[in-house]
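Okay, structure first, notes after.
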Protein chains: 2
Amino acid sequence: MADPQARLAQMLAKLKARSFRITPQRLAVLQILAASRAHPGVEDIYAEVKKTFPTTSLATIYKTVALLKEINEVLEIRFFDSSRFDGNKPYPHPHILCLHCGAVLDPELPGVEALVAEAAARSGFQIVDHRLNFFGLCSDCQKT
Amino acid sequence: MADPQARLAQMLAKLKARSFRITPQRLAVLQILAASRAHPGVEDIYAEVKKTFPTTSLATIYKTVALLKEINEVLEIRFFDSSRFDGNKPYPHPHILCLHCGAVLDPELPGVEALVAEAAARSGFQIVDHRLNFFGLCSDCQKT
DNA sequence: TATTAATAAATAATCATTATCTTTAAAAAT
DNA sequence: ATTTTTAAAGATAATGATTATTTATTAATA
């Protein structure tokens, strides 16, 4: 589930299955989310889409992203004052943000499942979602 | 570091050390944050403070909480559209939110340290902070 | 007690996000 | 293909949590 082609196909299938229309602007947003590994924010997507569709409105980006969130094809990650989006792995998983350059990575953390189970066991909660975010300096930014 | 008295004393000491004034409104906010285990939001604190100081402004709550955050005596936890605050353990630790009743607990998770270390090791980041939040239904709300 | 500097109160401004409203254009039917 | 229907796009106003500003109080020091 990391291949951009497969992700795009998956997103399109989900939209079609629920009879949402595939518009050029929507397709553009899907392509960006399926391909980008940078966890773009709304403004990033907006800037990118405008290259091909200059009249696109910011509201369209917000609405498309909200729709994709609805159908569980994108994961919203709230950092401080704005959100970033993960279209590659649209399910809860950890993220790590560089406070200096803003890069967001998906660390591979095998320990996560155990931690979620531990949280459920100790709290008595039925856990349905989680956000595991780490903050610091990436290896590049540590050098400067 | 869970005794309300001790927490209040600690907060007061920190404020005095940095020569911030101890005003009645500030003291009221500190007391609430030191004593409450409910992870109150700004509006909760506001409502509580107004019982003793009816003319208090919401801005005063925001400013006091921001000040306490500055001096690391309160932890801000951002849930969806607003923040809740933890004055008992003002350092990063996991939280679990009930999506039905809004309760927030601090689950005891010994696995956290290992996970942070794992994230640092695998990503190459120097990690300085984290937010580990779980969402679900508390044991009471599972019954209904 | 007077002075001064920080803080409180009141309220305006900000800004990400959402809602509204009109226009446009997908998709289905003819 | 053309028409019809209706969701979606575009433009812009509204919302709401938070922050900034401005004036009035009040705590701390001389």
Side-chain angles (χ1 to χ4, degrees), chain A residues 11-33 39-71 73-85 97 102, chain B residues 11-32 39-71 73-85 102:
Chain A
M11 290 176 171
L12 286 169
K14 201 75 108 37
L15 285 179
K16 281 178 188 161
R18 313 206 177 181
S19 52
F20 288 110
R21 293 179 183 170
I22 312 300
T23 64
Q25 295 87 342
R26 254 179 203 174
L27 182 59
V29 174
L30 299 201
Q31 284 170 332
I32 291 163
L33 285 169
H39 305 81
V42 172
E43 292 288 349
D44 301 318
I45 301 170
Y46 183 47
E48 193 65 26
V49 171
K50 284 224 288 193
K51 289 181 186 171
T52 18
F53 303 100
T55 71
T56 303
S57 167
L58 184 58
T60 297
I61 312 297
Y62 271 103
K63 281 185 282 193
T64 304
V65 158
L67 175 62
L68 290 171
K69 211 171 45 165
E70 282 282 322
I71 63 175
E73 285 300 323
V74 79
L75 182 77
E76 179 173 10
I77 317 152
R78 296 202 176 202
F79 287 133
F80 308 103
D81 287 342
S82 67
S83 286
R84 310 258 309 243
F85 297 89
L97 167 71
Chain B
M11 289 175 170
L12 287 170
K14 201 77 110 33
L15 284 179
K16 281 179 189 161
R18 313 209 176 179
S19 54
F20 289 111
R21 293 181 183 168
I22 314 300
T23 64
Q25 295 87 342
R26 252 177 206 174
L27 182 60
V29 174
L30 299 199
Q31 283 171 332
I32 291 163
H39 304 81
V42 173
E43 293 287 349
D44 301 319
I45 301 170
Y46 183 46
E48 192 64 24
V49 171
K50 284 224 286 193
K51 289 181 187 170
T52 20
F53 303 100
T55 71
T56 303
S57 167
L58 184 57
T60 296
I61 312 297
Y62 271 103
K63 280 186 286 190
T64 304
V65 158
L67 175 62
L68 290 171
K69 212 171 44 166
E70 282 281 322
I71 63 174
E73 285 300 322
V74 80
L75 182 77
E76 179 172 9
I77 317 152
R78 297 202 176 202
F79 287 132
F80 307 104
D81 286 342
S82 67
S83 287
R84 310 260 306 247
F85 297 88

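Order of the sequence lines fixes the chain letters, A, B, ..., with proteins taken first and strands second; residue numbering starts at 1 for each chain. Fair warning: this is a prediction, and the values are worked out from it, not measured in the lab. As a basis for the values below, the full set of heavy atoms in this structure was taken, side chains included, without hydrogen atoms, waters or symmetry mates.
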What is the distance, to the nearest angstrom, from the [atom1] atom on [X] to the [atom2] atom on [N]?
| X | N | atom1 | atom2 | answer |
| --- | --- | --- | --- | --- |
| B:Ile45 | D:dA17 | CD1 | C1' | 14 Å |
| B:Ile61 | D:dT19 | CD1 | C1' | 15 Å |
| A:Phe20 | C:dA28 | CZ | P | 14 Å |
| A:Phe79 | C:dA16 | CZ | C1' | 17 Å |
| A:Arg78 | C:dT17 | CZ | C1' | 9 Å |
| A:Phe80 | D:dT19 | CZ | P | 13 Å |
| A:Ile22 | C:dA25 | CD1 | P | 17 Å |
| A:Leu12 | C:dA26 | CG | P | 15 Å |

Quick check: do [X] and [Y] have side-chain heavy atoms less than 4.5 Å from each other?
| X | Y | value |
| --- | --- | --- |
| A:Leu15 | A:Leu30 | yes |
| A:Glu43 | A:Ile61 | no |
| A:Gln31 | A:Val49 | no |
| A:Lys50 | A:Leu58 | no |
| A:Phe80 | A:Leu97 | yes |

Original post:
In residues 48-58 of chain B, which ones come under 4.0 Å of DNA chain D, going by heavy atoms?
Top reply: none
**OP:** Identify whether any heavy atom of A:Ser83 sits under 4.0 Å from a base atom; if not, whether one sits that close to sugar-phosphate; answer base, sugar-phosphate or nothing.
**Re:** sugar-phosphate
What's the closest nucleotide to the [X] side chain, out of [options]?
| X | options | answer |
| --- | --- | --- |
| B:Ala59 | D:dA20, D:dT18, C:dT17 | D:dA20 |
| A:Gln25 | D:dA9, D:dT19, D:dA20 | D:dA9 |
| A:Arg21 | C:dA19, C:dA9, C:dA27 | C:dA27 |

Original post:
Looking only at atom types and distance, does a side-chain atom of A:Arg84 sit under 3.5 Å from a main-chain N or O of A:Phe79, one as donor and one as acceptor?
Top reply: no
Original post:
How about A:Glu76 and A:Ser83: does a side-chain donor come under 3.5 Å of a side-chain acceptor?
Top reply: yes
Original post:
Does a nitrogen or oxygen in the side chain of B:Tyr62 sit under 4.0 Å from OP1 or OP2 of D:dT18?
Top reply: yes
Subject >> First encountered from the 5' end of DNA chain C, between A:Lys63 and B:Thr23 >> reply: B:Thr23
Original post:
Between B:Asp81 and B:Leu67, which has a closest nucleotide on DNA chain C that is more 5'?
Top reply: B:Leu67
Original post:
Hey, which of these two, A:Thr60 or B:Ala66, hits DNA chain D nearer its 5' end, going by closest nucleotide?
Top reply: A:Thr60
